[in-house]
Amino acid sequence: MSSLAIYNTLTRRKEPFVPLVPGKVGLYVCGPTVYDFIHVGNARTFSVFDLVVRWLRSSGYAVTYVRNITDVDDKIMDRARSRGEPIEALTERTVAAFAEDCARLNLLAPDSEPRATRYIGPMLELIGVLESKGLAYRGANADVYFSVRDFPGYGKLSRRNLDDLRAGERVAVEAAKRDPLDFVLWKAAKPGEPSWPSVFGAGRPGWHIECSAMSCRELGETFDIHGGGWDLQFPHHENEIAQSEGAHEKPFVNVWMHSAFLNMGDEKMSKSLCNFFTTREVIESLDPVQGGEQLRFFLLRGHYRSELAFTRELLEDAGNTLRGFYTALREVPPGEGEADRSHPLAARFRDAMNDDFDTPVAFAVLHELRAEVNRTRSPALAGLLKALGGTIGFLQADPEAFLKGGVSIDAGKGGATIDVDALVAERAAAKRARDFARADAIRAQLDSAGIVLEDKPGGATEWRKK
RNA sequence: GGCGCGGUAGCAAAGUGGUUAUGCAGCGGAUUGCAAAUCCGUCUACGUCGGUUCGAUUCCGGCCCGCGCCUCCA
């Protein structure tokens with residue numbers, strides 16, 4: 001039996017995974033800033049870590065999964081102001097929408113979903129510790145900064161040399177900083193902005209401090225895995241390390257995981273480039289029953305450290321493939337009882353997932369299993385297929401319902417709805433009377449409405465969405 | 001300028017120093033009243049130039065091309 005190896009950004013290699021406490025894993029993932037719907041690129045990252053959590057749990061680990069919500073930030077304030085609504089109304093609504101999107105993607109809820117505004121106290125404590133250790137200072141503008149050059153390990157995650165960084169080349173550097181790379185821990189309040197009282201004066205936290213404070217509260221000063229999108233590596237995660245290790249003087253995180261981008265064409269999808277689709281608009285453009293899992297499959301069938309291009313064709317392709325799995329499960333209903341995890345294909349699936357979550361190989365194994373199910377018509381093997389898919393959050397829907405889809409059937413021109421079952425019955429009667437012209441006419445009619453008929457050996461007829 | 005990632009067949013995507021990845025699409029066959037589904041078979045591969053090697057897509061080096069981070073960003 002293989003054991004899990006994970007690519008660690010910190011060491012830039014795959015390493016055997018060894019949890020701090022045997023059998024337990026603490027996992028922290030950087031969640032959304034809640035001023036707008038998440039886009040499909042965000043969905044990729046959250047899906048990747050959902051896969052990680054599910055696989056760790058399938059492997060027997062007790063996982064504590066923490067994913068934060070950033071609910072205080074410049075963008076949130078700007079958006080609330082431009083909409084003329086209270087900040088809380090915006091963030092609450094966005095959090096609720098985020099939860100809906102996650103549910104559609106079949107993402108497990110984190111065990112803890114801390115919000116920045118509820119951890120101001122721990123953040124201030126942490127900033128206090130940093131100041132007492134000489135790693136933080138108050139600027140002339142009353143902001144509090146982290147002094148990057150006073151933290152020896154700065155740059156170790158992203159492998160940057162302080163002197164090579166071009167801070168301020170693209171954005172003007174705040175004059176109050178001693179070094180252009182210093183980053184803000186606490187921002188002094190300006191009129192009309194939300195603020196909290198503190199020994200540093202009224203203000204609000206900088207972005208990076210929340211993750212250091214909340215991960216420590218939820219998972220301890222040192223924990224197993226910290227994840228996020230590739231772009232968070234620098235400066236966000238680098239700054240988290242500086243804050244946490246600067247304050248606690250012990251390793252912050254053992255394994256850093258970063259998921260690759262989702263691209264539009266050959267550019268990264270991002271809000272600043274305005275080239276994104278929201279997760280919900282993509283799902284809503286797909287079949288209402290199949291859409292969520294289809295998008296999830298599209299996002300996860302490639303390796304999480306490889307970039308992925310978002311196109312309509314690839315989304316369709318993913319849907320076709322996924323329907324193939326469900327077709328097998330419809331034809332051969334999974335047997336009751338425990339699946340045989342000692343089957344060679346199960347072992348290969350496990351090996352693939354244990355090799356840094358190699359989903360392309362894992363799905364290739366599932367395809368072999370699907371063919372085996374179709375050949376042997378073995379309910380036990382179908383059960384294994386469903387069970388293995390289930391370990392990574394797939395193939396749990398009712399196959400019949402999935403394949404029928406959420407069809408809103410209309411006859412085409414007139415928009416009149418079609419009674420599929422009545423037409424199927426009429427066709428059956430026509431077939432019995434050997435009126436094949438009528439039978440074929442009905443097939444054609446349904447086909448143009450997006451319904452495919454499948455005659456079964458016993459004379460029964462199944463239908464599904466095209 | 002610094003740091004990093006990648007270039008695999010129509011499309012997508014793994015992997016390996018010598019033996020079929022896999023999927024979608026296509027094509028042929030079996031099957032079907034016709035279809036669909038399924039099964040069987042099948043066609044295009046490893047950016048480029050060198051090096052190491054009995055042998056390289058797979059290791060090493062140069063080059064070309066693409067992308068990312070260095071600002072908020074999943």
Side-chain angles (χ1 to χ4, degrees), chain A residues 9 12 29-33 38-49 73-75 155 158-173 181 183 207 227-236 238 258-263 265-273 276 297-298 301-303 305-309 311 313-314 316-325 327-328 330-332 348 352 355 358-368 370-371 373-375 377 403 431 434-437 439-440 443-444 447 451-457 461-464 466:
Chain A
T9 308
R12 305 287 163 105
V29 175
C30 291
T33 299
I38 59 165
H39 67 232
V40 205
N42 303 317
R44 180 182 192 192
T45 296
F46 300 136
S47 299
V48 162
F49 288 101
D73 158 273
D74 286 354
K75 285 180 177 166
S158 52
R159 309 239 166 158
R160 277 151 217 262
N161 181 322
L162 280 173
D163 298 316
D164 292 337
L165 289 166
R166 296 183 156 196
E169 173 152 312
R170 290 195 281 170
V171 168
V173 174
L181 289 164
F183 56 91
W207 175 39
W230 193 256
D231 49 354
L232 294 186
Q233 219 176 102
F234 188 91
H236 185 236
E238 200 70 71
H258 295 277
S259 60
F261 291 133
L262 182 68
N263 294 332
D266 41 34
E267 273 187 324
K268 159 190 182 181
M269 175 182 291
S270 80
K271 290 188 178 167
S272 33
L273 291 172
F276 61 91
F297 182 64
F298 165 78
R301 65 179 174 161
H303 190 87
R305 283 190 288 113
S306 296
E307 289 180 6
L308 178 64
T311 68
E313 292 70 30
L314 294 175
E316 289 306 316
D317 181 288
N320 288 341
T321 304
L322 187 59
R323 283 187 281 276
F325 283 122
T327 301
R330 183 189 64 179
E331 296 306 304
V332 186
R348 284 174 52 204
D355 183 13
D358 194 345
T359 50
V361 171
F363 282 117
V365 173
L366 256 27
H367 281 118
E368 289 184 42
R370 174 186 60 105
V373 167
N374 284 325
R375 270 193 296 270
R377 303 192 71 79
L403 291 169
K431 279 175 65 182
R434 303 203 62 81
D435 180 0
F436 294 120
D440 290 348
R443 177 191 290 290
D447 183 77
I451 305 290
V452 179
L453 299 181
E454 302 180 10
D455 290 341
K456 297 296 166 183
T461 297
E462 295 267 26
W463 62 268
R464 65 181 165 84
K466 206 193 288 183

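- Regarding contacts with the backbone of B:A14, a side-chain N or O of A:Ser306 is found under 4.0 angstrom from either OP1 or OP2.
- Taking the C1' atoms as reference points, B:C54 lies 27 Å from B:G47, given to the whole Å.
- For the P atom pair drawn from B:G50 and B:G15, the interatomic distance equals 29 Å after rounding to whole Å.
- Figure legend. B:U8 is base-paired to no nucleotide; pairs are counted as Watson-Crick or G-U wobble with both atom distances under 3.5 Å.
- Other residues, nucleotides and ligands contribute more than 12 heavy atoms inside 6.0 Å of the CZ atom of A:Arg12.
- The same atom, C1', is picked in B:A25 and in B:C34; the two are 24 Å apart, to the nearest Å.
- Using a 4.5 Å cut-off on side-chain heavy atoms (C-beta onward), A:Thr359 and A:Arg301 make no contact.
- Base-pair partner of B:U52: not found among the strands shown (Watson-Crick or G-U wobble, both distances under 3.5 Å).
- Contact of the A:Arg44 side chain with the A:Met269 side chain is not registered, since no non-hydrogen atoms from C-beta on lie closer than 4.5 Å.
- Taking only distance into account, the side chain of A:His303 never meets the base of B:A13 through a donor-acceptor pair shorter than 3.5 Å.
- Between the C1' atoms of B:A45 and B:G28, the separation comes to 23 Å (whole Å).
- For B:G6 and B:C39, the P atoms lie 35 Å apart once the distance is rounded to whole Å.
- OP1 or OP2 of B:C69 has at least one side-chain nitrogen or oxygen of A:Lys268 nearer than 4.0 Å.
- Using a 4.5 Å cut-off on side-chain heavy atoms (C-beta onward), A:Leu181 and A:Leu162 make contact.
- No salt bridge links A:Glu238 with A:Arg160; every basic N to acidic carboxylate O contact stays at or beyond 4.0 Å.
- Between A:Glu462 and A:Lys456, none of the side-chain N atoms (NZ, or NE/NH1/NH2) sits under 4.0 Å from a carboxylate O, so this pair counts as no salt bridge.
- In this structure, B:G1 and B:C70 make a Watson-Crick or G-U wobble pair, each of the two defining distances being under 3.5 angstrom.
- A:Arg375 has a side-chain polar atom (N or O) that falls below the 4.0 Å cut-off from OP1 or OP2 of B:C40.
- A straight line from CD of A:Glu307 to P of B:G6 spans 10 Å, rounded to a whole angstrom.
- Residue-to-nucleotide contacts include a donor-acceptor pair under 3.5 Å from the side chain of A:Arg443 to the base of B:A35.
- Within the structure, every side-chain polar atom (N or O) of A:Asn161 is placed at least 4.0 Å from both OP1 and OP2 of B:G2.
- With a cut-off of 3.5 Å on both Watson-Crick or G-U wobble distances, the partner of B:C63 is given as B:G47.
- Across B:G29 and B:C67, the matching P atoms stand 45 Å from one another, rounded to whole Å.
- For the OP1/OP2 pair of B:C24 and a distance below 4.0 Å, the side-chain nitrogens and oxygens of A:Asn320 include no atom meeting the criterion.
- Look at B:U19: it lacks any Watson-Crick or wobble partner with both distances under 3.5 angstrom.
- If you take CZ of A:Phe363 and C1' of B:A12, they are 14 Å apart, rounded to a whole angstrom.
- As the counterpart of B:A13, no nucleotide is assigned, since no Watson-Crick or G-U wobble pattern has both distances under 3.5 Å.
- A donor N or O paired with an acceptor N or O is not found under 3.5 Å between the base of B:G2 and the side-chain atoms of A:Asp163.
- In this structure, A:His236 atom NE2 and B:G68 atom P are separated by 22 Å, rounded to whole Å.
- Pairing partner, B:U38: B:A30, with both Watson-Crick or wobble hydrogen-bond distances short of 3.5 Å.
- The phosphate of B:A37 (OP1 or OP2) has no side-chain N or O of A:Arg330 nearer than 4.0 angstrom.
- Nucleotides B:U32 and B:U57 have their P atoms positioned 46 Å apart, rounded to a whole Å.
- With both ends at atom C1', the span from B:U22 to B:A14 equals 8 Å, rounded to whole Å.
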